[in-house]
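Only one structure is covered here, and it is reproduced in the block below.
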Number of protein chains: 2
Amino acid sequence: MSEKSIQETYAPNLACFGCGPANEKGLHIRSIPRGDEVVADFEPQTYQEAFPGVLSGGIIGTLLDCHCNWTAAWHLMKQNGLDHPPCTVTAEYSIKLLRPTPTDKPIHLVARIVESTEDRAIVEGELVAHDKVCATCRGTFVAVKPGHPAYHRW
Amino acid sequence: MSEKSIQETYAPNLACFGCGPANEKGLHIRSIPRGDEVVADFEPQTYQEAFPGVLSGGIIGTLLDCHCNWTAAWHLMKQNGLDHPPCTVTAEYSIKLLRPTPTDKPIHLVARIVESTEDRAIVEGELVAHDKVCATCRGTFVAVKPGHPAYHRW
């Protein structure tokens with residue numbers, strides 16, 4: 001994917017460990033809208049494993065949390081007719097690990113909105129590797145108000 | 001805490017991103033039994049932030065997932081009279097982010113068993129910073145059987 005990601009477009013200076021383009025040691029998740037879904041490809045590194053050949057559940061959670069958060073921010077921007085995504089934070093997220101996630105090929109993330117109000121969204125995401133869903137995520141993401149430390153996050 | 005952690009005692013060669021003593025780029029979570037609980041201290045690094053001064057929700061999930069997993073392994077070892085912790089994997093974990101987790105001081109993790117059977121445990125964990133609970137975790141962790149890729153994990 002050579003097109004700009006949501007993060008690169010709207011938050012080029014963000015240094016978030018999971019999704020910040022400006023974090024030299026981060027995961028650099030690149031979320032791209034595709035119709036009603038948001039997708040990303042990610043190439044696992046050896047240091048991100050839980051044991052040889054299998055991705056860490058914490059890295060999986062980080063990928064899905066950040067990717068679903070940006071899916072929420074993107075959706076709220078569109079829904080509310082804004083020109084920038086509102087700064088959203090994670091209220092909660094749940095990860096199900098269905099099978100080991102192999103690290104020998106790029107993995108694919110996909111996320112979609114389940115429901116939303118003006119300032120929050122519930123998002124479901126999947127991690128696919130070797131054509132199988134290896135992990136799922138369901139999270140609640142909230143656009144913060146002025147005064148919250150994350151308000152000027154991007 | 002200068003005493004050896006559970007990981008250093010039973011899995012010194014583990015290279016898990018979250019808790020492996022042998023992962024040069026990992027988080028090196030050091031889980032220590034304290035009565036019925038398992039605790040850990042962790043010093044956040046700038047690259048692990050979500051935005052300046054606040055820890056990434058994905059790193060928080062990684063810390064709590066690995067720490068709770070080792071709490072389960074420790075408990076199953078004791079419960080079943082084994083001399084080594086069984087190799088456990090995460091089936092699922094849920095993270096609630098109650099407030100921003102500050103990164104300017106070490107944070108504290110604590111976890112305890114909620115229920116268990118012979119081969120699995122439900123564990124609840126908390127992340128405490130500045131004397132406040134900033135995040136909680138509830139997860140299910142399962143001792144894998146011979147043939148599972150994680151069976152010889154440690």
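Predicted model, so just to flag it, every value in this text is computed and none were measured. First the proteins, then the strands, lettered A, B, ... as listed; each starts at 1.
For B:Ile95, the parts sitting under 4.5 Å from any heavy atom of chain A are the backbone and the side chain alike. Proximity to chain A (any heavy atom under 4.5 Å) is restricted, for B:Pro100, to the side chain, taken from C-beta onward. A:Leu14 touches chain B through its side chain: at least one heavy atom from C-beta onward sits under 4.5 Å away, while N, CA, C and O do not. Contacts between B:Ala91 and chain A at a heavy-atom distance below 4.5 Å involve the backbone alone (N, CA, C, O). For chain A, the nearby part of B:Ala15 is the backbone; its heavy atoms alone come within less than 4.5 Å.
The other residues sharing a hydrophobic cluster with A:Val114 are A:Ile122, where clustering joins ILVMFWY side chains under 4.5 Å apart.
A continuous path of hydrophobic side-chain contacts links B:Leu55 to B:Leu109 [ILVMFWY only; heavy atoms under 4.5 Å]. No continuous path of hydrophobic side-chain contacts links A:Ile32 to A:Val38 [ILVMFWY only; heavy atoms under 4.5 Å]. With hydrophobic clusters built from ILVMFWY side chains whose heavy atoms lie under 4.5 angstrom apart, B:Ile60 shares a cluster with B:Leu27. Residues B:Leu97 and A:Phe17 fall within the same hydrophobic cluster, defined by Ile, Leu, Val, Met, Phe, Trp and Tyr side chains chained together at heavy-atom separations under 4.5 Å. A single hydrophobic cluster is not seen to contain both A:Leu63 and A:Ile6; linkage of ILVMFWY side chains at heavy-atom distances under 4.5 Å, directly or through other members, places them apart.
Contact count against chain B (heavy-atom pairs under 4.5 Å) is highest for A:Pro149 among A:Pro149, A:Cys66, A:Gly18. Among A:Pro52, A:Gly61, A:Gly57, A:Gly26, the residue with the largest count of heavy-atom pairs under 4.5 Å with chain B is A:Gly57.
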Enumerate the inter-chain donor-acceptor pairs under 3.5 Å for chain B and chain A, one line per pair.
unit_1: B:Phe17; atom_1: N; unit_2: A:Glu49; atom_2: O; d: 2.8
unit_1: B:Asn23; atom_1: ND2; unit_2: A:Tyr47; atom_2: O; d: 2.9
unit_1: B:Tyr47; atom_1: O; unit_2: A:Asn23; atom_2: ND2; d: 2.9
unit_1: B:Glu49; atom_1: O; unit_2: A:Phe17; atom_2: N; d: 2.8
unit_1: B:Gly57; atom_1: O; unit_2: A:Tyr93; atom_2: OH; d: 2.9
unit_1: B:Gly58; atom_1: O; unit_2: A:Thr62; atom_2: OG1; d: 3.2
unit_1: B:Thr62; atom_1: OG1; unit_2: A:Gly58; atom_2: O; d: 3.2
unit_1: B:Ala91; atom_1: O; unit_2: A:Leu97; atom_2: N; d: 2.9
unit_1: B:Tyr93; atom_1: N; unit_2: A:Ile95; atom_2: O; d: 2.9
unit_1: B:Tyr93; atom_1: O; unit_2: A:Ile95; atom_2: N; d: 2.7
unit_1: B:Tyr93; atom_1: OH; unit_2: A:Gly57; atom_2: O; d: 2.9
unit_1: B:Ser94; atom_1: OG; unit_2: A:Ser94; atom_2: OG; d: 2.7
unit_1: B:Ile95; atom_1: N; unit_2: A:Tyr93; atom_2: O; d: 2.7
unit_1: B:Ile95; atom_1: O; unit_2: A:Tyr93; atom_2: N; d: 2.9
unit_1: B:Leu97; atom_1: N; unit_2: A:Ala91; atom_2: O; d: 2.9

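Considering only residues two or more places apart in sequence or on other chains, A:Pro12 meets the side chain to side chain contact (heavy atoms under 4.5 Å, CB included) condition with none of them. Residues passing the side chain to side chain contact (heavy atoms under 4.5 Å, CB included) test with A:Cys68 are A:Ala111, A:Val123, A:Cys137, A:Phe141, sequence neighbours excluded.
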